[in-house]
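All remarks here apply to the structure that follows.
A, B, ... follow the sequence lines: proteins, then strands. Residue 1 opens every chain. The analysis underlying the following values was restricted to heavy atoms, covering all of them including side chains, and did not include hydrogens, waters or symmetry mates.
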Protein chains: 2
Amino acid sequence: MKSEELKRLIREIPDFPKKGILFYDITTLLGNGRALRTAADLLFGHYDSEGKSFDKVASMESRGFIFGAMLAYKFGAGFVPIRKPGKLPAKAFSQEFEKEYGFDSFEVHSDAIEKGEKVLICDDLLATGGTAAAAVRLVERMDGKVNGLAFLIELSFLNGREKLGGYDVFSLLKYEK
Amino acid sequence: MKSEELKRLIREIPDFPKKGILFYDITTLLGNGRALRTAADLLFGHYDSEGKSFDKVASMESRGFIFGAMLAYKFGAGFVPIRKPGKLPAKAFSQEFEKEYGFDSFEVHSDAIEKGEKVLICDDLLATGGTAAAAVRLVERMDGKVNGLAFLIELSFLNGREKLGGYDVFSLLKYEK
């Protein structure tokens, strides 16, 4: 099973969440056990084949948790949930960001990452890059080292990569329009 | 690493999300790579040692996604996200439930599970059982077979198990008060 086959399992839904947006629905890929495992293995393999490992995998609530948790398991790394405001019970850092459909913010426990730890940021989708850039800032505020950003899907035409200049960005499935 | 060691990694936070509630914060366990892997392996092993397998693992947004995704990966099963209202882009079933801190509802894509598929429902926490019972109803409305419910933590004193009578319920870490 290759990337192109995975792409065929993604459902395209016009006008969601609002008119003019073409939504790439990954639930149809997730629901296929072979595809789910292949996608996780390919993301892992990208780093593993270069001998790269991570101390923590940090992912954005909530779809990001899906691939983030699988990758943390495979790397033997800890998993760090980056959450919507008000969800975390202990002392947390907050970071605002602009996204495709408005403004929002994320929080992460301030003791979630130790100084110098190698961190992989993982989310399902790289769109404008706003959420990913906020995740980078959160990790760096804890003096963690962002050694990679992994995405299942990249909407290349939104140029999210430009917001992540200087970081190692990898996406499995690219959409040009 | 055994269950008791995992339990020591869970942080207890009084009065969250409101006064009088003792919150079991799993982020301190998740952040420990060895503990994360051990917990996922123990949950998987409970079923695997009996030769049980599943076609789908269904989990509740958003903390449920973490262990649900790891278990889906390990079983080679598809992953079905059960989401908060308005998040899913295609035709979905909705189910209301009462929870410890109020009312809410969940949605799942109506084509997420096929008739007769064996489903494991997985969440981080079994409390009053309201969310788990709602997940059971959603799976059964699609004619899926709920062959197991797995939880990282069970708050035994809230008697959630009683709402799940007749189902195979397994939890890794139990709290009696």
Exercise for the section: Give, for atom CD1 of A:Ile66 and atom CD of B:Glu61, the distance between the pair rounded to the nearest 0.5 Å. Expected result: 9.0 Å

Handout entry: B:Asp111 portion near chain A, given a 4.5 angstrom heavy-atom threshold
Key = side chain

Practice task
Name the region of B:Phe67, side chain, backbone, both or neither, that has any atom closer than 4.5 Å to a heavy atom of chain A.
Solution key: neither

Practice task
Mark yes when over 12 heavy atoms from residues, nucleotides or ligands other than B:Arg141 sit less than 6.0 Å from its CZ; otherwise mark no.
Solution key: yes

Exercise for the section: Please lay out, stage by stage, how A:Arg83 and B:Ser62 fare under the test side chain to side chain contact (heavy atoms under 4.5 Å, CB included). Expected result: CA-CA 9 Å; A:Arg83 301 207 62 182; B:Ser62 57; 3.0 Å; yes

Exercise for the section: Would you please test A:Lys74 and B:Tyr73 for side chain to side chain contact (heavy atoms under 4.5 Å, CB included) and show each step? Expected result: CA-CA 10 Å; A:Lys74 289 179 68 75; B:Tyr73 181 90; 2.6 Å; yes

Exercise for the section: Name the option with the most non-hydrogen atom pairs under 4.5 Å to chain A; the candidates are B:Ala72, B:Gly78, B:Ala58. Expected result: B:Gly78

Problem - Region of B:Ala35 in contact with chain A, defined by heavy-atom distances below 4.5 Å - result: neither

Exercise for the section: Among A:Thr28, A:Asn32, A:Thr27, single out the residue with the greatest number of heavy-atom pairs under 4.5 Å to chain B. Expected result: A:Thr27

Fill in the blank from the handout: Nearest heavy-atom contact between B:Pro89 and A:Phe23 is CG-CE2, 3.5 Å

Problem - Side chain, backbone, both or neither of B:Lys84 within contact of chain A (heavy atoms, under 4.5 Å) - result: side chain

Exercise for the section: Would you kindly confirm whether A:Phe54 and A:Val146 end up in one hydrophobic cluster when ILVMFWY residues are joined by side chain heavy atoms under 4.5 Å apart? Expected result: no

Exercise for the section: Let me know if B:Leu71 has heavy atoms under 4.5 Å from chain A in its side chain, its backbone, both or neither. Expected result: neither

Fill in the blank from the handout: Cut-off 4.5 Å, heavy atoms of chain A, and the answer for B:Ile13 is side chain

Handout entry: Pick from A:Leu29, A:Ile113, A:Asp41 with the largest number of heavy-atom pairs that fall under 4.5 Å of chain B
Key = A:Asp41

